[in-house]
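Single-structure report; data block below.
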Amino acid sequence: MSNPPNFAQAVDLSSLGKPKSAPAGPTPGVEVTAANLTSEFLPLSKTRPVILFCWSPRSAESVEMLSVMGLLETSYKGAWSLGRVDIDAQPQVAQALQTQKIPYAVALINEQIVPLFEQAYPEAQIRLVLDKVITLAAEQGVGDAPVEVIEPEEEEAVTALEAGDFATAEIAYKKLLARKPADSFAKLGLAQTQLLIRTDGLVLDAVIKEATDNPTDLSLQLRAADMEIVNGGVEAAFTRLLHAVKESAGDERNKAKEHLLSLFALVDPADPRLTAARSALANALF
């Protein structure tokens with residue numbers, strides 16, 4: 001964690017351009033100044049996490065993000081507080097928070113700074129970040145840990161997976177997605193379950209040997225990639241399917257591409273192996 005903010009220098013962020021517009025309606029959050037940051041926000045961070053969001057009316061992206069942050073603050077019902085930092089009006093605060101670009105957000109937990117993000121993200125991803133902030137704060141005795149809400153279908157799926165009943169787990173995840181199509185956890189759970197179904201009972205060495213002996217058989221390459229990724233061979237699986245995409249055409253090429261994309265969904269978005277594979281796929285296709 002960083003130390004409390006330092007106001008030794010101000011920062012000139014006047015290169016953003018001419019002012020555009022402020023958010024429509026009431027501006028979300030409480031305005032942060034050099035004075036109230038130390039007198040109000042730092043003390044508040046001892047009782048609940050504080051999110052400081054740096055924005056400018058000259059940045060449409062940050063204006064939109066500020067509105068999202070305001071809606072999220074409401075939905076979390078007091079689990080954290082939002083402070084807004086207009087970098088034009090409060091350059092000293094922007095400097096103290098080490099703002100390089102906007103939108104930019106940091107958390108204050110027990111008077112310590114935790115950098116969060118410095119670009120726009122979808123609401124679902126911001127929620128994941130906020131949940132981690134609340135959990136981290138609770139571990140330090142600040143606020144309460146988030147109450148994990150488990151959907152009944154998810155509970156059914158997890159119970160089935162623990163029993164090795166992959167078919168029942170798949171049905172449960174599909175029921176959840178039918179009710180909540182945008183549920184990212186259900187999508188990931190379904191993808192993981194379907195991978196387990198495809199690889200159930202297979203032996204890694206035997207599958208890899210068969211695929212190696214028959215390099216032009218796409219179905220064997222797909223099965224081998226499944227076995228590689230379920231056994232931790234992320235890079236090997238990606239390399240195998242990228243080769244299949246490059247070496248095939250028509251329906252087979254599309255099938256290889258779609259299978260590769262389904263495996264992408266199983267890997268952490270921040271994993272550099274995924275970033276490299278996405279780039280390689282783009283080059284292979286275009």
Side-chain angles (χ1 to χ4, degrees), residues 1 49 51 53-54 61-62 64-66 68-69 71-72 75-76 80 100-107 114-137 146 148-151 154 157-158 161 169-170 173-174 176-177 180-199 222 225-246 254-286:
M1 288 192 187
I51 308 296
F53 183 81
C54 299
E61 187 177 48
S62 71
E64 183 177 347
M65 275 284 292
L66 179 57
V68 171
M69 295 300 293
L71 293 172
L72 286 170
S75 73
Y76 273 79
W80 57 274
Q100 300 296 321
K101 56 183 179 178
I102 54 172
Y104 173 60
V106 303
V114 182
L116 299 182
F117 54 83
E118 54 181 4
Q119 66 184 75
Y121 284 104
E123 181 180 327
Q125 286 183 259
I126 299 174
R127 283 185 179 275
L128 294 177
V129 173
L130 293 172
D131 288 344
K132 288 180 180 179
V133 167
I134 295 169
T135 299
L136 176 61
E148 186 176 359
V149 179
I150 300 179
E151 301 289 350
E154 184 179 3
V158 171
L161 287 172
E170 181 183 30
Y173 279 125
K174 285 182 175 179
L176 178 53
L177 283 169
K180 298 179 67 176
D183 191 308
S184 57
F185 293 106
K187 289 178 182 178
L188 178 58
L190 178 60
Q192 291 172 331
T193 301
Q194 290 175 335
L195 176 65
L196 291 173
I197 290 172
R198 295 197 302 269
T199 56
L222 301 185
D226 283 346
M227 286 299 292
E228 284 168 333
I229 202 163
V230 84
N231 284 280
V234 173
E235 194 166 2
F238 288 171
T239 299
R240 180 181 298 278
L241 293 187
L242 284 166
H243 179 75
V245 170
K246 293 174 185 176
N254 189 58
K255 188 175 181 180
K257 181 196 74 172
E258 291 302 321
H259 200 90
L260 179 56
L261 291 174
S262 74
L263 297 190
F264 282 175
L266 298 169
V267 179
D268 185 336
D271 192 316
R273 295 171 297 183
L274 176 59
T275 304
R278 285 191 183 280
S279 177
L281 178 59
N283 290 334
L285 293 174
F286 305 106

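By convention here, the first residue in the shown sequence is residue 1.
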| remark: Rounded to the nearest 0.5 angstrom, the OH-CG distance for Tyr76 and Leu71 is 12.5 Å
| query | Out of curiosity, Lys257 NZ to Leu285 CG, how far, rounded to the nearest 0.5 Å? | reply | 6.0 Å
| message | Looking at Tyr104 and Pro115, would you say the former's side chain and the latter's main chain have a donor-acceptor pair under 3.5 Å? | response | no
| request: Scan residues 272-285 for pairs that pass salt bridge (Lys or Arg N to Asp or Glu O under 4.0 Å), counting only residues two or more places apart or in two chains. | output: Asp271-Arg273
| request: Determine whether Val230 and Arg198 make a side-chain contact, defined as any pair of heavy atoms from C-beta on separated by less than 4.5 Å. | output: no
| message | If I compare all heavy atoms of Leu72 with all of Trp80, which pair ends up nearest, and what's the gap? | response | C-CZ2, 3.7 Å
| field | Exercise: identify the closest heavy-atom pair between Pro269 and Thr275 | value | O-OG1, 4.4 Å
| Would you say the side chain of Thr199 lies within less than 4.5 Å of the side chain of Ile229, judging by non-hydrogen atoms? | no
| Any side-chain heavy atom of Val129 within less than 4.5 Å of one from Tyr121? | no
| query | Quick one: are Met69 and Pro103 in side-chain contact, heavy atoms under 4.5 Å? | reply | no
| How many angstroms lie between atom CD of Glu61 and atom CD of Gln119, to the nearest 0.5 angstrom? | 8.0 Å
| said: When you compare the side chain of Leu188 with that of Leu266, does any pair of heavy atoms fall below 4.5 Å? | reply: yes
| Heavy-atom side-chain proximity of Leu176 to Phe185 below 4.5 angstrom | no
| said: Return the OG1 to CG distance between Thr193 and Leu161, rounded to the nearest 0.5 Å. | reply: 4.5 Å
| query | CG of Asp131 to CD1 of Ile126: how many Å apart, nearest 0.5 Å? | reply | 12.0 Å
Report all side-chain donor-acceptor pairs from residues 233-246 shorter than 3.5 Å, counting only partners two or more places apart or in another chain.
from, atom 1, to, atom 2, distance (Å)
Thr239, OG1, Glu235, O, 2.8
Arg240, NE, Glu228, OE1, 3.1
Arg240, NE, Glu228, OE2, 3.4
Arg240, NH1, Gln221, OE1, 2.7
Arg240, NH2, Glu228, OE2, 2.9

| query | Would you call Ile102 and Met65 a side-chain contact if the rule is heavy atoms closer than 4.5 Å? | reply | no
| Nearest atoms (heavy-atom pairs only) where Ala186 meets Tyr173 | O-CD2, 3.9 Å
| message | So Gln194 and Leu190, do their side chains get closer than 4.5 Å, heavy atoms only? | response | yes
| Between Phe53 and Ser62, what is the shortest heavy-atom contact and its length? | CE2-O, 3.5 Å
| Roughly how far, to the nearest 0.5 Å, is NZ of Lys132 from CG of Leu136? | 11.0 Å
| Within 6.0 Å of CD in Glu64, more than 12 heavy atoms from elsewhere | no
| note | For Ala256 and Leu222 the tightest heavy-atom approach is CA-CD2, 4.3 Å
| Pairs in or reaching into residues 181-196: which pass salt bridge (Lys or Arg N to Asp or Glu O under 4.0 Å), with residues at least two apart or in two chains? | Lys180-Asp183
